[in-house]
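Before any comments, here is the structure.
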Amino acid sequence: MSSERKQYPFRLIEPKWQKIWDDQQTFRAWNPGAAIPPEHPFAQRHPGRRAEDLPKSYILDMFPYPSGAGLHVGHPEGYTATDILARYKRALGFNVLHPMGWDAFGLPAEQYAISTGQHPRKTTEQNIATFKRQIKSLGFSYDWSREIDTTDPKYFRWTQWIFLRLYHSWFNPQTNKAEPIETLLYPQELQIGPGSSPDSALEHKRLAYRDSKRLAYVAEMPVWWCEELGTVLANEEVIDGKSERGGYPVVRRAMRQWMLRITSYAERLLQDLDSIDWSHSLKEMQRNWIGRSEGAEVKFSVISDQWSVVSKQGSVTETGSLKTDCSITVFTTRPDTLFGATYMVLAPEHKLVAQITAAEWPADTPDAWKGDDKSAARNPQSAVAAYRAYAASKSDLERTDLAKEKTGVFIGAFARNPVNGERIPIWIADYVLATYGTGAIMAVPAHDTRDLEFARRFNLPIRVVVQAPAGKDSVGYVDDGESVNSGLITGLRTPEAKRTITAWLEEKGLGHKTINYKLRDWLFSRQRYWGEPFPIVWKTDAGGQTYHQALPESALPLLPPELTDYKPTSAGDPPLARAKEWVQLPDGSSRETNTMPQWAGSCWYYLRYLDPTNDQAISASETERYWMGARARSKFKVQGSKSEGSAVASNLAPETLNLELNESTTPGVDLYVGGAEHAVLHLLYARFWHKVLYDLGCVSTPEPFFKLVNQGLILGEDSQKMSKARGNVVNPDDMVREFGADALRLYEMFMGPLEDVKPWSTKGVEGVYRFLGRVWRLFVDEQSEAEFEQSQTVHPHAGAELLDRIRLDGAVQDIEPTTPQLKALHACMKKVTEDLDRMRFNTAISALMVFVNEAMTWPRKPRPILRDFLMLLHPFAPHLAEELFAKLAEAPISNLKSQIPLSYQPWPKYDPALLVEDTLELPVQVNGKLRGRILIAANAGVPQIEAAALNNEKVKPFIDGKTINKIIVVPKKLVNIVAA
RNA sequence: GCCGGUGUGGCGAAAUGGCAGACGCACAGGACUUAAAAUCCUGGGACUAUAAAAAGUCGUGCGGGUUCAAGUCCCGCCACCGGCACCA
């Protein structure tokens, strides 16, 4: 291709316009109250108006991690879609915020630093430079004055600030929101009586209580430690119990970790999905991740005849008989099956296991119940210890491997079923997770697949308590049915049975209704260098107890120390621990050495774009309320929900703002586009932080992203996922060099619907490139272009000024358009406008092609028509459109009155009257099959149409000799004759 | 297993319940050219039939249904893609 004649001189055109946009700051977005220079296109388009007088549109891309590999063709897909809409919205008269930045903390730069000693900042800067060059070469209309970088201390100062807000807050279940920790209410025994001064013991307890309630709190949590690599690994970096890199063994190690209390927000995160316009599948993913389930907690009392306390080493330290008041609480979604509970299972890690395990096997305990490790089967305690060691050695992945057979050990103890007093055995098994519910279950083998599998293996009783519908086996039946053999609920349908038994349990104090979530609190610390340090120090009190304390806001940003070695210490401390002078403070306290995860910076970046240089706040309140649509009360339809959502977005007084309310003003980011890989984590974390900031009055909307769209993955030409290994990676730089940025943009949008997965085709790029060439030839004079090319050969290093030698085609004239020409234009306007509103870029482009195909046949081309066409083209192919628009503007023409740049010209409005046809061609069907066509006046009446249809020569043979039962005339669509 | 999505020419794809395949790619034929490239024009779902045309039959993963009319709506399957996965 490179040897071929170029379709048009995009290599001069594209850099030319990119420079003009840069110099002019064309796409700078103005905040409320900003002084807008009168020469800026915004001021020319909207003379005398302030930024806040216009409706806003916040169009956001998921910002990239600037990797060393550079941009991928997947990136420009979403970026082009948002850029098209940003340009379209600008043309519609919106004040558009369309920013870009860098999610630049992360592992690759750190690992590169470990192996080369090069500071991650250096690598990061280089990668950002590459990404920025590549993104700029595509001509996106970003406001680069708002560029942010999560690794910039001016940025992460605020990431740390938000962490402090989390640290200084608790979740008040009464108000269902976050509040400053000062409002925390202490339980009776921790309250300070009036006038009395607290002693240090009480003060210590109060501190511990307060710390346990913070939204950011500390807990011992297991992490993966890889001895060989000398580092801690993330879950995703551990494959089958080995490190992803190098395949070295990893072990679970308990470490002190920072956690964020996202679980407090589970219900709101779930509920508020109904108020935002995200795809059905994405909402479902979030719902599944949150995993709400309603059920009951039920208490089972332990009736062990012998009990004992076992030390960590496995030896018995204490024994006795019949420990009373010891009970196990289980969570179940099926309290109606309580009568079918024939055994119980605790997670191996359950706290009560040590306490209730019997010293000796009860008489008649089958050998199979004593565990697979025969050497440990001599008594319950050694069997339990062996099983717990076995379970602990397995990775999460192995533990959840469904294919394997269920394992477990009877602990020699029994519990009493609260509904029927039955004595049932207690087991430990790793199919019960310590982290969900209460870490203990009642097993109902007849109506739970897992319990059934387990019961069959160990020969435990299976009792049917729910009658399956006729034709289905009740054993293993897990759906709703009718309760049987179940005392007071026998005969009730499942929902009723649940209610009844739960009420009964509550009355007896044996249980209560409850809601459980799969969502876990967020493990927020990483043992890494290249991340935000925690603004926390550790101190030791007089009693030798350590406790944490937040740094004051004035200490922010807290910079990471300079290091030469980025590996964790041999003791397993994070790399920051190597900087002893940084860690140890003069007052004897020491700094937290963990860092925040990469998610931290991306949790709130969309708020920083609003006011990126503000050093008093994340963003000024007025600015935040303008861009986030604090006053929006737009009614909107939410996909998949019957009710019409009403987003009353603000908890602030709207009267104080002087905003123009617009129908389409939405609360939060108007459009957020990015990959589906962030469907759960990033989008859930960001929603969580946003809600906390909302509770604390820092932001004015409960949700950050109103409308969200996932662009589909772009596959290689072989329809396989693009990867270096497969050699099917397409580099955007190559495409821009060969075909230009406009062609690349246009192709990415023409491939198919934005959200679909679709394979790349370089031939397809050539196709749209040819289309752009046809657009070019529609406008320019061939002779002058040939001269231009000659002069280019003579002056190979000449710049864009050579483009001035190209003249408009003589057929382009300032003449009255003909009716067919107007029709072609307005049909195109209608289609492109409607398709842009629905984000159907591929069909909008096809409408542009249809127009050009027709316009190519016109002997004379009216300038006003071509001018409007360029408006339609410009969001898709902005460089070419600008260049041709400039050529058109060289001579004054009727509808080019002002000097407003193309990027700020108003969007053309189509005239429906022009699209009305006088004569229509109607298809005529006989019994639903197409048989002929009639030409008929558009205003013809039904009898006239019927007559024409019946008299059509093509139709006649199919109705001759038949009875005509009915003629259906669909106005302007078709005629169907029903005959027999 | 559960949840979500998608199945339409050789390929990417279009089609408020109303002419299936717009637009593009690839392909074929033609014009221009010494020739090629580029460009321009023409063709095209499959099958039957025909010298050609006209024409007919079938056709949107499979099987049913609703309807004058179904790619589109309903019921039951199948395949593929994505997510979750012992969550009680």
Side-chain angles (χ1 to χ4, degrees), chain A residues 1 3-7 279-289 291-293 295 330-334 337 345 399-402 404 406 429-433 435-444 447-451 453-454 478 516-520 676-677 679-680 710 712-713 717 719 747 750-753 755-768 770-771 773-774 777 782 831 840 842-850 853 856-857 921-933 954 957 965-979:
Chain A
M1 190 75 193
S3 60
E4 282 175 17
R5 186 178 179 274
K6 282 207 291 293
Q7 291 279 348
S279 76
H280 179 68
S281 67
L282 193 60
K283 286 186 184 182
E284 277 307 300
M285 275 193 229
Q286 292 225 338
R287 288 193 184 106
N288 290 340
W289 193 263
R292 181 185 200 272
S293 51
V330 303
F331 172 71
T332 177
T333 55
R334 293 296 300 269
T337 61
V345 187
R399 265 186 81 153
T400 56
D401 184 0
L402 287 166
K404 76 162 173 58
K406 296 237 176 329
D430 65 1
Y431 83 92
V432 172
L433 307 175
T435 49
Y436 182 78
T438 60
I441 62 157
M442 62 175 202
V444 185
H447 307 295
D448 182 283
T449 318
R450 298 148 301 180
D451 296 343
E453 208 182 302
F454 191 82
V478 298
N516 246 296
Y517 302 90
K518 281 200 280 186
L519 186 68
R520 303 266 70 87
E677 66 273 20
V680 180
N710 287 129
L713 199 65
E717 298 212 66
S719 292
Y747 174 67
F750 188 59
M751 291 172 84
E755 286 159 280
D756 286 7
V757 177
K758 42 210 177 279
W760 183 264
S761 159
T762 299
K763 286 285 185 195
V765 189
E766 287 178 33
V768 294
R770 275 200 289 269
F771 162 70
R774 283 211 301 287
R777 291 192 293 278
E782 257 185 85
K831 182 79 177 137
R840 318 256 308 229
N842 54 333
T843 50
I845 292 166
S846 107
L848 294 170
M849 289 172 166
V850 169
N853 287 346
M856 290 294 276
T857 67
E921 192 191 58
L922 289 188
V924 180
Q925 297 180 336
V926 178
N927 293 331
K929 282 188 181 160
L930 180 69
R931 297 302 183 185
R933 295 161 191 286
K954 296 269 176 66
N965 295 327
K966 204 177 189 183
I967 302 178
I968 289 145
V969 176
V970 184
K972 297 185 202 300
K973 283 288 182 189
L974 58 47
V975 182
N976 190 10
I977 301 166
V978 186

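Every heavy atom of this structure was used, including side-chain atoms; hydrogens, water molecules and symmetry mates were not.
In terms of polar N and O atoms assigned as donor or acceptor, the side chain of A/Arg933 comes within less than 3.5 Å of the base of B/C19 in a complementary pairing. Side-chain atoms of A/Lys406 come within donor-acceptor range of the base of B/C86, with a qualifying N/O pair under 3.5 Å. Below the 3.5 angstrom threshold, one finds a donor paired with an acceptor across the side chain of A/Asn976 and the base of B/C68.
Listed nucleotides: B/C19, B/C40, B/U39. Nearest to the side chain of A/Leu930: B/C19. Taking every side-chain heavy atom of A/Lys763 into account, B/C25 is the closest of B/A88, B/C25, B/G18.
OP1 or OP2 of B/U39 sits under 4.0 Å from a side-chain N or O of A/Gln7. Contact check, A/Lys518 against B/A88: no side-chain N or O comes under 4.0 Å of OP1 or OP2. Within the structure, a side-chain polar atom (N or O) of A/Asn842 is placed less than 4.0 Å from OP1 or OP2 of B/A14. Taking side-chain N and O atoms only, A/Arg931 has no distance below 4.0 Å to OP1 or OP2 of B/A69.
Applying the 90° cutoff around 0 to the glycosidic angle, B/G30 is assigned anti.
In RNA chain B, stems built from 3 or more consecutive Watson-Crick or G-U wobble pairs, each with both distances under 3.5 Å, span B:1-7 with B:78-84, B:10-12 with B:23-25, B:27-31 with B:39-43, B:45-48 with B:55-58, B:61-65 with B:73-77.
RNA chain B is contacted by both A/Arg840 and A/Ser846; A/Arg840 maps to the nucleotide lying nearer its 5′ end (nearest heavy atom per residue). RNA chain B is contacted by both A/Lys973 and A/Ile845; A/Lys973 maps to the nucleotide lying nearer its 5′ end (nearest heavy atom per residue).
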